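Below is one structure; the comments refer to it alone.
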Amino acid sequence: MDKRKGRVQPIRLTTKFFPLDIHKSMFINDLMITIPQYYAESWGKAILSRHNSGNNSWEVEINYTTPKELNRNTFKFKMKLSLFSAKKRKQTSCYRLKWDNNFAIQLAKDYPKSFVRSLEFHIGDEYYKNQEFTEFDIGGFKEQLQVKIIWEKGLPQITIKEFFRVNEKTQGFPKIYKELSSYLITDYLLSSEEELLRRIQVTKWKPRSEIGTELNENNIYLLLNREQKEVYFGETKKSLSKRYPTSQPHHSFDQWDEYSIIQLPPETSKHSRLLIERVLIAVGAKLFSNTLYSEEPVLDKNDSLTLKNKKK
């Protein structure tokens, strides 16, 4: 605080850090940022000249500090800094830093205002674009991080910490989080470890057109054509928006027009997820008409469903 009553010193960027607006791609889908060109240029020719097609990717463990209001705790997260190639772009505009859900979850916890704004823009993507709104037109102030990347012995050392965060008193979002509890990151924010391990969530049947809004990962899913009485069981580590982009046809059952998701606890392994899928297929093949088993199904084809899975 300034010694003069009621005055606050302006926020200042720490030396060798660059400011970073907290945006949707840091929570959803991409989970990455592009390093500003001017900042990469500051590394100098001696460092940049060593980066080429044989030396363009670095696995790093970054130091992350939570905001001042959250006690400035320090955590380490694994990330990947990479140099990609692009025509008509300088080398210094082609550095990216990418992470996994663990860091996205931490950011959502520490910067809930930005997280909710990101979800709102993602879910209302078409509407807001038609209004010619950007993500930052929703929810007020832009919160910011500050990032430092220095090179030691040919390896990047990365630090990320708070630059600007909306005051805690204005972040009353508990009801919104509960309403958005079907989303993976929100689930982490509201649930204890025991609740996460024992919980599964089953959605209502939704039209195929809504699949682009699905962010859940680690799923069993059901695809349905109600009119043709056809069903398909599947599993995926990815979210359904990534597994079945709207422009991509299904490999064996593209006639589906509804879906339902069974979200498994986040710690469910790939082996367990595959086992659950195979059990569902086996049960479905016993009950429904299918091409997987030679024996007659229990339920009559005219009054039941047809299983569209082609592999057990």
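These numbers come from a predicted model, not from an experiment.
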With no hydrogens and no angle check, just 3.5 Å: does a side-chain donor-acceptor pair link Tyr95 and Asn56? no

Starting from Leu20, can I reach Phe75 by hopping between I/L/V/M/F/W/Y residues whose side chains sit under 4.5 Å apart? yes

Please tell me whether Val283 and Val231 are part of a single hydrophobic cluster in this structure, the criterion being side-chain heavy atoms less than 4.5 Å apart. yes

Any salt bridge between Glu59 and Lys78, counting N to O under 4.0 Å? no

Would you say that Phe84 contacts Arg89 through its side chain, given a criterion of any heavy-atom pair below 4.5 Å between the two side chains? yes

Taking atom types as modelled, is there a side-chain donor on Tyr259 or Glu214 under 3.5 Å from an acceptor on the other? yes

If two hydrophobic side chains count as joined below 4.5 Å and joins carry through other members, does Leu31 share a cluster with Val147? yes

Between CG of Leu307 and CG of Leu305, what distance do you get to the nearest 0.5 Å? 9.0 Å

Flag, side chain of Asn52 to backbone of Gly54, donor-acceptor distance under 3.5 Å: yes

Verify the distance criterion only: is there a donor paired with an acceptor across the side chains of Asn219 and Glu235 at less than 3.5 Å? no

Glu135 and Tyr128: side-chain donor and acceptor closer than 3.5 Å? no

What is the minimum heavy-atom distance between Glu217 and Asn101, and which atoms define it? OE1-ND2, 2.6 Å

Check: Asn216/Gln263 side-chain N/O donor and acceptor closer than 3.5 Å: yes

Ser241 and Gly212: which non-hydrogen atoms are nearest, and at how many Å? CB-O, 3.7 Å

Any sub-3.5 Å donor-acceptor pair from Thr203's side-chain atoms to Ile261's backbone N or O? yes

Given the ring of Phe136, does Lys142 sit roughly above its face, with NZ or CZ under 6.0 Å from the centre of the six-membered ring and within 45° of the axis? yes

Residues Tyr244, Leu223; criterion side chain to side chain contact (heavy atoms under 4.5 Å, CB included); working and verdict: CA-CA 11 Å; Tyr244 294 120; Leu223 306 180; 4.2 Å; yes

Quick one: does any side-chain atom of Trp43 pair with a main-chain N or O of Ile149 as donor and acceptor, under 3.5 Å? yes

Tell me, do His122 and Leu215 make a side-chain contact under 4.5 Å, heavy atoms counted? yes

Do Thr14 and Lys148 have side-chain heavy atoms sitting under 4.5 Å apart? no

Could you tell me whether a side-chain N or O of Thr236 sits under 3.5 Å from a main-chain N or O of Lys238, the two making a donor and an acceptor? yes

Would you say that Arg165 contacts Pro67 through its side chain, given a criterion of any heavy-atom pair below 4.5 Å between the two side chains? yes

If you apply the rule side chain to side chain contact (heavy atoms under 4.5 Å, CB included), what do you find for Phe77 with Asn102, and how did you get there? CA-CA 8 Å; Phe77 292 95; Asn102 291 327; 4.3 Å; yes

Does a donor on one side chain sit under 3.5 Å from an acceptor on the other, for Tyr232 and Tyr221? no

Are Met79 and Tyr64 side-chain neighbours, meaning at least one heavy-atom pair lies under 4.5 Å? no

Measure the shortest side-chain to side-chain distance between Trp151 and Gln157 over non-hydrogen atoms and say whether it is less than 4.5 angstrom. no

Side chains of Thr65 and Glu162: is there a donor and an acceptor less than 3.5 Å apart? no

Is a donor on one side and an acceptor on the other found under 3.5 Å between the side chain of Ser260 and the backbone of Leu222? no

Could you give the distance from CD (Glu143) to OG (Ser114), rounded to the nearest 0.5 Å? 3.5 Å

Determine whether Trp205 and Trp256 fall in the same hydrophobic cluster, where Ile, Leu, Val, Met, Phe, Trp and Tyr are linked whenever their side-chain heavy atoms lie under 4.5 Å apart. no

Could you check whether atom CD of Glu227 has more than 12 heavy atoms from other residues, nucleotides or ligands sitting under 6.0 Å from it? no

Pro297 and Ala285 have their tightest heavy-atom pair at CB-O, 4.4 Å

Counting neighbours of CD on Glu296 that are heavy atoms of other residues, nucleotides or ligands and sit closer than 6.0 Å, is the number greater than 12? no

NZ/Lys98: more than 12 non-hydrogen atoms of other groups inside 6.0 Å: yes

Quiz question: by atom type and distance under 3.5 Å, do the side chains of Gln106 and Asp110 form a donor-acceptor pair? yes

Between Asp30 and Met32, is there a donor-acceptor pair closer than 3.5 Å when you use the side chain of the first and the backbone of the second? no

Where the side chain of Asp137 meets the backbone of Phe133, is there a donor-acceptor pair that is under 3.5 Å apart? no

What are the two closest non-hydrogen atoms of Glu277 and Ile220, and how far apart are they? N-CD1, 4.0 Å

Do Asp21 and Gln144 pair up side chain to side chain, a donor and an acceptor below 3.5 Å, judged on atom types alone? yes

Between Phe17 and Phe163, does the ring centroid distance fall short of 6.0 Å? no

Under 3.5 Å, side chain of Ser49 to main-chain N/O of Lys45, donor-acceptor pair present? yes

Thr306 and Phe288: CA distance, side-chain angles, deciding distance, side chain to side chain contact (heavy atoms under 4.5 Å, CB included) verdict: CA-CA 5 Å; Thr306 297; Phe288 311 139; over 6 Å; no

For the ring pair Phe18 and Tyr39, is the centre-to-centre distance below 6.0 Å? yes

For atom OH of Tyr127, is the number of surrounding heavy atoms from other residues, nucleotides or ligands below 6.0 Å larger than 12? no

To the nearest 0.5 Å, what is the distance between CG (Leu81) and CH2 (Trp99)? 11.5 Å

Taking atom types as modelled and ignoring hydrogens, do the side chains of Lys161 and Thr74 form a donor-acceptor contact shorter than 3.5 angstrom? no

Atom CD1 of Ile276 and atom NE2 of His271: how far apart are they, to the nearest 0.5 Å? 10.5 Å

I'd like to check Leu107 versus Met26 (side-chain heavy atoms, cut-off strictly below 4.5 Å). Are they in contact? yes

Does a donor on one side chain and an acceptor on the other come within less than 3.5 Å for Asn218 and Arg273? yes

Does the side chain of Glu152 reach to within under 4.5 Å of the side chain of Ile150, using non-hydrogen atoms? yes

For the OG atom of Ser118 and the CD1 atom of Ile138, what is their distance to the nearest 0.5 Å? 9.0 Å

Find out if a path of hydrophobic residues (ILVMFWY) with successive side-chain heavy-atom gaps under 4.5 Å connects Trp58 to Ile158. yes

Find the distance between OG (Ser93) and NZ (Lys88) and round it off to the nearest 0.5 Å. 13.5 Å

Heavy-atom donor-acceptor pair, Asn225 side chain to Gln255 backbone, under 3.5 Å: yes

Going through the checks in order, is the side chain to side chain contact (heavy atoms under 4.5 Å, CB included) test met by Val60 and Lys80? CA-CA 6 Å; Val60 295; Lys80 183 177 182 180; over 6 Å; no

Electrostatic pair Arg226:Glu258 at N-O distance under 4.0 angstrom: yes

